[in-house]
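None of the values given here were measured: they were computed from a predicted structure. For the single chain, residues carry numbers from 1 onward in sequence order.
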Amino acid sequence: MELAATVFVQVVIMMLLIAVGLLVGRLGIMDGTGRRQISELLLYVVTPAVIVNAYFREFDASLLDGLLWSFLLAVVSHAVMIPLASLIFLKNRKEGRVRLERFCAIYSNCGFMALPLVQSLLGENGVFYASAYITVFNLLSWTHGTALLSGDPKNVGVKRLLLNPIVISVAVGLLVFFCQIPLPQVLTRPVGFIADLNTPLAMITIGLSLSELNLVSAFTDRRFYGVAAVRLLLMPCAALVFLRFLPLAEAVLLTTLIEIACPTGATSVMWSTKYGLDAGYASKIVSVSTILSVITIPFVVFLFQLGR
């Protein structure tokens, strides 16, 4: 119960930061151009710095074991969520919308939302394990995800995948961790300073995105609640079935659960825009699931604690 309460406090703190971004956007202090620029700064600089910074540590066999389990759990969870979303969102309505709903149900905001939360709860160990889920997320969202939204498997960009900043940062981090490359403070401290920007910038960016939407219309449409329920409750509760009984370190299990329990990722908006789908529909799913997550994430963590 104590852990769930701590998660709730952290989520509320993050929501207050999101509110700052919402206010900044509504007051016109920053527009869509600024939001896109901050998003790119997060994607290409800040988030990679967070991940690489987590690997600046002495080699520990238990950490490596936890990391390998985190990779496996990330693969298994997506292997469950992908067919589950296909069964729930059947092709009985507008084809493009069904593909978008499936994507929104499968892929969480495991970078901008989960990473700051895991970092605040579990410290660098949490980020270390979270890097595994984020890597699998990127590999799948840039392959299966793009094929799903475009409706054409040929749209999978292998080159873009290999040049993805998250994949590169994990590769660099693993190299430093395994080889125990001694790095001077003149390099590690700047990386740490940049990593510290992650939580405020990520939350403000989400708030800026919400400021561009009509939130009233989003919360009065029942369709969005259905997708949000699958993303926020069904998917993490399905994960709980096997996570809560695994004899693994709590940090590994909790990190994986939080990654799965997070709201729909903003990548759904980016990809839907690219492939000519309804980006406004995706944005409203993101907004509804993000706001509702202040209740659902602590609830899912509470259910996790009941079985420990």
Side-chain angles (χ1 to χ4, degrees), residues 3 47-84 106-111 113-145 158 161-183 188 191 195 198 235-236 238-262 265 300-301 304-305 307-308:
L3 181 58
T47 301
V50 173
I51 292 174
V52 171
N53 190 59
Y55 285 85
F56 290 159
R57 56 179 62 224
E58 292 184 10
F59 181 83
D60 186 321
S62 64
L63 282 175
L64 176 59
D65 183 66
L67 183 67
L68 294 176
W69 273 108
S70 296
F71 271 110
L72 179 60
L73 292 175
V75 172
V76 171
S77 62
H78 282 92
V80 172
M81 290 189 292
I82 289 173
L84 189 57
I106 296 166
Y107 296 105
S108 70
N109 199 345
C110 62
M113 187 80 178
L115 199 56
L117 183 55
V118 167
Q119 190 174 26
S120 64
L121 290 173
L122 302 170
E124 294 308 312
N125 281 0
V127 176
F128 187 81
Y129 298 138
S131 68
Y133 191 97
I134 295 172
T135 301
V136 174
F137 166 89
N138 276 275
L139 291 173
L140 289 174
S141 64
W142 285 61
T143 52
H144 166 265
V158 177
L161 178 65
L162 294 176
L163 295 178
N164 183 286
I166 305 301
V167 174
I168 293 173
S169 63
V170 171
V172 171
L174 286 171
L175 179 65
V176 172
F177 179 68
F178 277 115
C179 299
Q180 289 294 285
I181 300 174
L183 297 174
T188 59
V191 173
N198 186 58
M235 295 302 187
L240 269 175
V241 172
F242 64 90
L243 282 180
R244 65 190 295 182
F245 299 114
L246 292 177
L248 299 175
E250 185 171 85
V252 173
L253 299 175
L254 188 58
T255 296
T256 302
L257 182 62
I258 289 174
E259 298 278 7
I260 297 171
C262 275
V300 169
V301 172
F304 170 79
Q305 282 189 287
R308 302 296 291 176

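- Looking at heavy atoms from C-beta onward, T47 lies in side-chain contact with I51 at the 4.5 angstrom threshold.
- E259 and S108 make their closest contact through O-OG, 2.7 Å (heavy atoms, listed as atom of the first residue, atom of the second, distance).
- With rounding to the nearest 0.5 angstrom, the CZ atom of F245 is 12.0 Å from the CG atom of L253.
- Within the 3.5 Å criterion, the main-chain N or O of F177 finds no donor-acceptor partner in the side chain of E58.
- Closest approach of A79 and P83 over heavy atoms only: O-CD, 2.9 Å.
- Rounded to the nearest 0.5 Å, atoms CG (L240) and OG1 (T256) are 11.5 Å apart.
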Show me the donor-acceptor pairs, under 3.5 Å and distance only, between side chains in residues 69-78 and residues at least two apart or in other chains.
from, atom 1, to, atom 2, distance (Å)
S70, OG, G66, O, 2.8
S77, OG, L73, O, 3.0
S77, OG, A74, O, 2.9
H78, ND1, A74, O, 2.8

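- Within the model, atoms CG of N53 and OG1 of T188 stand 8.0 Å from one another, a figure rounded to the nearest 0.5 Å.
- Under the 4.5 Å side-chain criterion, counting only non-hydrogen atoms from C-beta, L254 is in contact with F304.
- Side chain of S169 to main chain of V52: no donor-acceptor pair is present (N/O by atom type, distance under 3.5 Å, no hydrogens or angles).
- Between the side chain of N138 and the backbone N or O of I134, at least one donor-acceptor pair lies under 3.5 Å.
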side-chain contact (heavy atoms from CB on, under 4.5 Å) evaluation trace for Y107 with L140: CA-CA 9 Å; Y107 296 105; L140 289 174; 3.7 Å; yes
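- With rounding to the nearest 0.5 Å, the separation of CG in L139 from NE2 in H144 is 13.5 Å.
- The two residues E124 and R57 have their closest heavy-atom pair at CB-NH2, 3.0 Å.
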Stepwise side-chain contact (heavy atoms from CB on, under 4.5 Å) test for V300 and I260: CA-CA 10 Å; V300 169; I260 297 171; over 6 Å; no
From CA spacing to verdict: side-chain contact (heavy atoms from CB on, under 4.5 Å), L67, S131: CA-CA 8 Å; L67 183 67; S131 68; 3.9 Å; yes
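- F137 places none of its side-chain heavy atoms less than 4.5 Å from the side chain of I106.
- Within the model, atoms CD of Q119 and CG of N125 stand 12.0 Å from one another, a figure rounded to the nearest 0.5 Å.
- Between Y55 and F128, the ring planes are tilted. Angles from 30° to 60° get that label.
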